[in-house]
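Numbers restart at 1 for each chain; the letters A, B, ... are given by sequence-line order, proteins then strands.
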Amino acid sequence: MDLAYTEAEEEFRRRLREWLAGVLPGLPPKPSPDDWPARRAYDTTWQRMLYDAGYAGLHWPVDAGGQGATPTQHLIFLEETERAGAPYVGANFVGLLHAGPTIAAEGTAGQRARWLPPVLRGDEIWCQGFSEPDAGSDLAALRTRAVRDGDDYVVTGQKIWTSHAEVADWCELLVRTDPDAPKHRGISWLAMPMDAPGITVRPLRTLAGSTEFAEVFLDEVRVPVRNRVGDENDGWRVTMVTLSFERGTAFVGEVVACRRTLDALADEARRNGRWDDPVLRRRLGRLNAGFRALWRLTQANVSESEHTGVVPGVGGSVFKLRYSGLRQELYEAAAEVLGGGDAFDLDREWVLDRLSSLSYTIAAGTSQIQRNIVAERILGLPKGR
Amino acid sequence: MDLAYTEAEEEFRRRLREWLAGVLPGLPPKPSPDDWPARRAYDTTWQRMLYDAGYAGLHWPVDAGGQGATPTQHLIFLEETERAGAPYVGANFVGLLHAGPTIAAEGTAGQRARWLPPVLRGDEIWCQGFSEPDAGSDLAALRTRAVRDGDDYVVTGQKIWTSHAEVADWCELLVRTDPDAPKHRGISWLAMPMDAPGITVRPLRTLAGSTEFAEVFLDEVRVPVRNRVGDENDGWRVTMVTLSFERGTAFVGEVVACRRTLDALADEARRNGRWDDPVLRRRLGRLNAGFRALWRLTQANVSESEHTGVVPGVGGSVFKLRYSGLRQELYEAAAEVLGGGDAFDLDREWVLDRLSSLSYTIAAGTSQIQRNIVAERILGLPKGR
Amino acid sequence: MDFQLSDDQRALRSGMRDLLGAVFDRDRLRAAVERGGALDRSLWRELGAAGFFALRLPEEAGGVGLGLPEAVLLFEEAGRALLPGPLVATHLAAGLVKGAAEGEEVVTAVAGDLAVAHLAEADAVLVVGAEPPAGEATGAESLTGEALRAFVAAARPVRSMDPLTPLHSARAVAERAPAATERTPAHAGRFRFEAALLTAAEQLGSAARTTEAAVQHAGSREQFGSPVGAFQAVKHLCADMLARTEPARAAVYAAAVTGDPVEIAAAKLLADEAAVRNARDCLQIHGGMGFTWEADVHLHLKRAWLRAASWLTGAGTEELLAADLGAAGRLPRSSAAPGRPVREAGGGG
Amino acid sequence: MDFQLSDDQRALRSGMRDLLGAVFDRDRLRAAVERGGALDRSLWRELGAAGFFALRLPEEAGGVGLGLPEAVLLFEEAGRALLPGPLVATHLAAGLVKGAAEGEEVVTAVAGDLAVAHLAEADAVLVVGAEPPAGEATGAESLTGEALRAFVAAARPVRSMDPLTPLHSARAVAERAPAATERTPAHAGRFRFEAALLTAAEQLGSAARTTEAAVQHAGSREQFGSPVGAFQAVKHLCADMLARTEPARAAVYAAAVTGDPVEIAAAKLLADEAAVRNARDCLQIHGGMGFTWEADVHLHLKRAWLRAASWLTGAGTEELLAADLGAAGRLPRSSAAPGRPVREAGGGG
């Protein structure tokens, strides 16, 4: 065990830091959260800057156009960009972290050449069409149908929780190509161009008042068969492959951000006098312990991944279970720090974050589903309900 | 809604209080917890005193030898005896609250005449042989076999969690008389004399170091068929009938005692200086709210039972769920009040109680089982796991 | 001892539920959300006509002549229905501010540093003094006319988290303690605790409603081939929701009968916890749909948070309840029952 | 950055597990329980021979020359196995009290007002000063011979809740601050935090062990026709046990590497919580059997409670962690990572 970074890692950090210090001041102002075209432009500009500086696809394999960096370098990258206040991955999320890795692992040479470079350069962005109104926790129950018609699939159905749908060029889409097969066996993975006729995007308003997600209605949308990645009916396995690119770094930036928020809460409490309340103070102290441990657990997961090459995917459920709960506690504490007068003012920092944090125990697998995964796949308890 | 007691109720309370004030000073000293014969003698002496004063079987129907008191009178009785520091029901528990009521409801005239008067007078005490090592939460899975042989059943099996087994005269026993029937359908209820040959009682030590329970091994014990209450194979229904005597009063004394403990904890914290810790103080304040609410909920349940004649048995699960958790929190707070120096000293008040309280979320239906009952029987959610 | 609702009380409650079902159905609720909680004056007058505000005024003063227990039942229904508006303040102002009892006037209140609800539309504002030590008397004074206009002008509108409750920040204004238009001695010592109790009743109604909504969703939403309510993880969340609601109900009803400050504090604490945590669990059980604006569950959660920060708040309530404990608890124990002596409660005007 | 155990560290850990399996199996555990935790001197010497106490002494002083990370692995195993005795104090006394390193002497410690463990059998007692403000140095002094006998005579034996840890109350004695036999300046500023870290490691081992025991029981105990571990209510308790253990493990290991006081405080807090709550949940999952003396789960719970009240306790730890937050946190942030600079840790003698 050695928590010190190697000289090579420190050098990587130094170069990155220098570069960030040079380019960040020149960034345009952040766009309004509701201006989707502006958000796309901002995020893709940033991606292009990363590309030009040699940081695009840092964790992708070299033969996919990536940098083949170690998990530790990726951790350093995410940590430093977050600490420097650099833009988030934003609109490039699905392309860089889901669809791209899937194509890199399972696509043909032609598919890789067509789709990967534009993702790395920030020329094209992707969205994800996985969940459906009746297929959430039970994703494999999805019902969007794709019927073969010549060289096309004709796709009809409805997707939900799709971020960036309004401005995406492509959608990684899971469809049912064999309705008679067992539910995991009849699914295929398609790259759907978002300008195809028959696609209707309807923004979905969240309880935070924003439109981070959309519903996507598909009415006989024609998707060329050549856009299928992997074999027909093998889409479930193809999708699971994406996870093999996750090497424990999924929440690095968020944990760093939470720790910064916690420091800011302490400063604000000292300023407004609520620091004198030992109940609140000790609560913040407990949160400090919790987030410190999550940071160390992140390092441990990344380190394990680097050593063994094995994905800490299942251990990721342990992490997410703790992290999502702790993040909600953080913003409950923030409301206490703000006090009754400010905790209900949406223009105050942390108030919208408090609302957003409510999704953390639901999105990407509810805490109930995570507990099932931990109990069955790590602890080996019998399946059941 | 009127929380004031009626004149008749106040009169009942006054007379009871006067009587308690007269007799309690004359009681012998409490026996040692490990001296079972002495405990039996102490408890049955108290029962005889209640009998002579006209308080025995207060809540039993008059035709069973009881006093036919209202649920509110019973509540007052339990409240006042607890507040006055009178003995608990102790060794008379099963006779007065389980076996007796069952016989009163389902027994023949001869069975009632044989078994009920000795319970009321404190002449005979009962224990309960329901649970088995492999039939806890799933009580109906019990396997103790009773095979008919002439006028006797020959009983072989093992019971567990039997209190007062060492000193009981009778055991209310659930046995399987039809191994081929569905599990709830092949059970019978027997009154087993505890001096019958073939019975071995082995004390079971709890984590608190005491022997409140025993295992009872039954090796071809002969129980006369006339000792069966209710029809053969109808024992499950017979047992459930017992519950109809519970009219919301099950935890009256305990809630009163918890509130007294909470007051004592505040006094001790003020004395030893830990009251200055606002975290502890506010925790005690929350417990005050919790136990006040449980007291009011008790009154509400008793009142509902008195009005409607309907048993708040299912609502009792809501009560037990909250109460068992809150009681454990109470003794966690007690450990904080005592502090590290005293919280591990078994001779200090509350330390053994802390250990005992650990059984509250397990005994008489775990909290997990209680939640199933609440969800399925009150809220109407579908059965499942 | 009779801890059951009387027939009259049951009728009152179901009457209010029917009325709200008729005049404030889901369409009207969502319309109120879309206009940011701005009040519907005709609805306000209908509430007035139904006696919602005049409930506890004596009959000779044009009121209904009922007491806190009945008021609690009405506020519970209001909480269930997410009825917007400064209901508590206007109810408490009946008999003090002309037109409040009839629903002709909208009266809000300001206390401590909490933001003020519905200030822009209010015809009067009750200014309640700073949080007093436990048990001490507090007065409330009302501002109308010129004083009100000056108060509103000095306050700052806030982008409110709760879409049913427009808020103003009036901290600085309230601290300057504007000259009262009218003193309200009748409310001394009572205003704050009655406000807390009625707020607790709203929380109770909300907690019961989110329990029902969770159970309804869990029974109908299917995943993995069965209703999600068949899974213990969901089932047990629902059971815990009820196990929070029912003790809170007993505490709120009892506090309404006794009017005892410590009992009100207990009721507020438990009702706050039930409302907030039940809304949270209801949201979790609804999964992704619970996170949408379209689902009503966020409306319950946001108002539950807001109410929990109103009147008796967590810290102050816990301290009050702690001070009550032990030999040093200020008031003598009742000889009849654990708890405070039953005091005459009711009539707020 | 390499947060994996080295091969040597893995070998050390499995060696200790094998040793304890051989010299302290379940029969010997239950025998120790039946004699109230009284120590087995030959076992103590075996531990000494295996380097348990001398682990961090330099090799030239007859030690093993390893550091805190390795010590943490050994103490984790001791916690798993419920190994009794003043392990932490004797380990920290190695090099200070003659014979401690070899397991020839039993050294206990007294700090604050916590009861003293194994005092009657101790050959020396380390007296640690009152809880210092965060970060300040504290010395420990050791009593032997006459001073020890006087100390023991003045202490009061306690009927200990933990059957593996005989206790004495020495509050009054410790307050009189007996003359030290020997000063131990080498430990100044370090004793208390190292003791807390090693105690946290024991808690971690206990938390992991009760998780395994719960899973094992849940997989084999059948009710309602299937293993109870197939029911979500049980399954999710087990999942939460692991979700408490793994972050605690990361925190403990990292604190061992950095030796940073704030990081040790975090590790202690999380390990305490994991050990106590896991033992509680393990007990609950065992149902009635968990409530018996025969099951080992109560031994884990009682010691977890005792350890949680030892060294860095909840309140003090939380305050230390709070003081670390924000611009006012005392030490500058590392430029390399959130957290304290990596300091040289290790060698305690």
Which bit of [X] comes within less than 4.5 Å of chain B, counting heavy atoms only: side chain, backbone, both or neither?
| X | value |
| --- | --- |
| C:Leu270 | side chain |
| C:Ala267 | neither |
| C:Arg249 | neither |

Working to the nearest 0.5 angstrom, can you tell me the gap between [X] [atom1] and [Y] [atom2]?
| X | Y | atom1 | atom2 | result |
| --- | --- | --- | --- | --- |
| B:Arg281 | C:Glu319 | CZ | CD | 4.0 Å |
| B:Asn288 | C:Thr317 | CG | OG1 | 12.0 Å |
| B:Asp263 | C:Leu325 | CG | CG | 5.5 Å |

Take C:Glu273 and B:Arg286, measure what salt bridge (Lys or Arg N to Asp or Glu O under 4.0 Å) needs, and give me the verdict at the end.
CA-CA 11 Å; C:Glu273 186 175 286; B:Arg286 291 191 80 83; 2.5 Å; yes

Are B:Asp2 and C:Val257 close enough, and set up right, to give a side-chain contact (heavy atoms from CB on, under 4.5 Å), and what steps lead you there?
CA-CA 7 Å; B:Asp2 181 2; C:Val257 171; 5.5 Å; no

For the residue pair C:Asp260 and B:Arg292, establish whether any side-chain heavy-atom pair is separated by less than 4.5 Å.
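Yes. Closest side-chain heavy atoms under 4.5 Å.
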
Between B:Asn372 and C:His236, is there a side-chain heavy-atom distance shorter than 4.5 Å?
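In short, these two side chains touch, coming nearer than 4.5 Å.
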
Carboxylate-amine/guanidinium proximity below 4.0 Å for C:Lys235 and B:Glu376
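The answer is yes: the pair qualifies as a salt bridge.
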
Does a side-chain N-to-carboxylate-O contact under 4.0 Å join B:Arg296 and C:Glu263?
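The answer is yes: the pair qualifies as a salt bridge.
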
So which heavy atom on [X] is nearest to which on [Y], and how close?
| X | Y | value |
| --- | --- | --- |
| C:Cys238 | B:Leu379 | O-CD1, 3.5 Å |
| C:Ala250 | B:Ala293 | CB-O, 4.1 Å |
| C:Gly219 | B:Leu381 | N-CD2, 4.1 Å |
| B:Ala289 | C:Leu321 | CB-CD1, 3.7 Å |

Check ring pair (Phe, Tyr, Trp, His ring centres under 6.0 Å) between C:His286 and all other residues, then give those that pass, not counting sequence neighbours.
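C:His286: ring pair (Phe, Tyr, Trp, His ring centres under 6.0 Å) contacts with C:His217.
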
side-chain contact (heavy atoms from CB on, under 4.5 Å) for C:Phe3 and B:Glu304? Distances and angles first, verdict last.
CA-CA 7 Å; C:Phe3 204 161; B:Glu304 182 185 341; over 6 Å; no

Among B:Gly325, B:Gly380, B:Ala266, B:Ala300, residue most engaged with chain C (heavy-atom pairs, under 4.5 Å):
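Ranked by heavy-atom pairs under 4.5 Å with chain C, first place is B:Ala300.
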
Choice from B:Thr6, B:Thr70, B:Leu262 maximising heavy atom contacts with chain C below 4.5 Å:
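Among the listed options, the one with the most contacts to chain C is B:Leu262.
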
Side chain, backbone, both or neither: which part of [X] has a heavy atom under 4.5 Å from chain C?
| X | value |
| --- | --- |
| B:Leu321 | side chain |
| B:Gln370 | neither |
| B:Arg322 | side chain |

Heavy-atom contacts under 4.5 Å, residues 199-216 of chain C to chain B
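Counting heavy atoms that sit under 4.5 Å from chain B, the residues of residues 199-216 of chain C involved are C:Thr211, C:Val215.
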
Using the side-chain contact (heavy atoms from CB on, under 4.5 Å) rule, take C:Glu318 and B:Leu284 through it: C-alpha gap first, then chi angles, then the decisive distance, then the call.
CA-CA 8 Å; C:Glu318 285 164 12; B:Leu284 295 175; over 6 Å; no

Best-contacting candidate, C:Ser6, C:Pro227, C:Ala243, C:Ala265, against chain B by heavy atom pairs under 4.5 angstrom:
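Ranked by heavy-atom pairs under 4.5 Å with chain B, first place is C:Ala243.
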
Among C:Ala218, C:Pro247, C:Ala251, which residue has the highest count of heavy-atom pairs closer than 4.5 Å to chain B?
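Heavy-atom pair counts peak at C:Pro247.
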
List the steps, then state whether side-chain contact (heavy atoms from CB on, under 4.5 Å) holds for C:Asp2 with B:His307.
CA-CA 8 Å; C:Asp2 175 14; B:His307 255 257; 2.9 Å; yes

From the options C:Gln9, C:Met1, C:Gln4, select the one residue that forms a side chain to side chain contact (heavy atoms under 4.5 Å, CB included) with B:Met1.
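Testing each of C:Gln9, C:Met1, C:Gln4 against B:Met1, the sole residue satisfying side chain to side chain contact (heavy atoms under 4.5 Å, CB included) is C:Gln9.
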
